[in-house]
Amino acid sequence: MTGFIHGIILSMGLILPLGVQNLFVFNQGAMQKTFFRVVPVVITAGICDTLRTFPAFHGLDDLA
């Protein structure tokens, strides 16, 4: 049962920030006049998503 609760907490910690990040990226895209001014935001968001989800997919125990 503790594994289930740990999994729920970990999944919420990974999913909830993505909604806020997606809203930020969308607002940046809507406010900028050219696509090239949004590219750094999109790249940074992609790198952050990768770094945040990598431990979850490969297991946190393997990284410790």
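If you take CG on Asn27 and CG on Leu23, they are separated by 4.5 Å, rounding to the nearest 0.5 Å.
Here the closest non-hydrogen pair linking Val25 and Ala45 is CG2-CB, 3.9 Å. Closest non-hydrogen pair, Gln28 versus Val38, comes out as O-CG2, 3.8 Å.
Remark: Gln32 pairs with Arg37 by the side-chain hydrogen bond (donor to acceptor under 3.5 Å, both in side chains) rule, at least two apart or across chains. Under the side-chain contact (heavy atoms from CB on, under 4.5 Å) criterion, Asn22 pairs with no residue, sequence neighbours left out. Here Leu51 pairs with Ile47 under the side-chain contact (heavy atoms from CB on, under 4.5 Å) rule; sequence neighbours left out.
Follow the hydrophobic side-chain contacts under 4.5 Å out from Val42 and you reach Phe24 in the same cluster.
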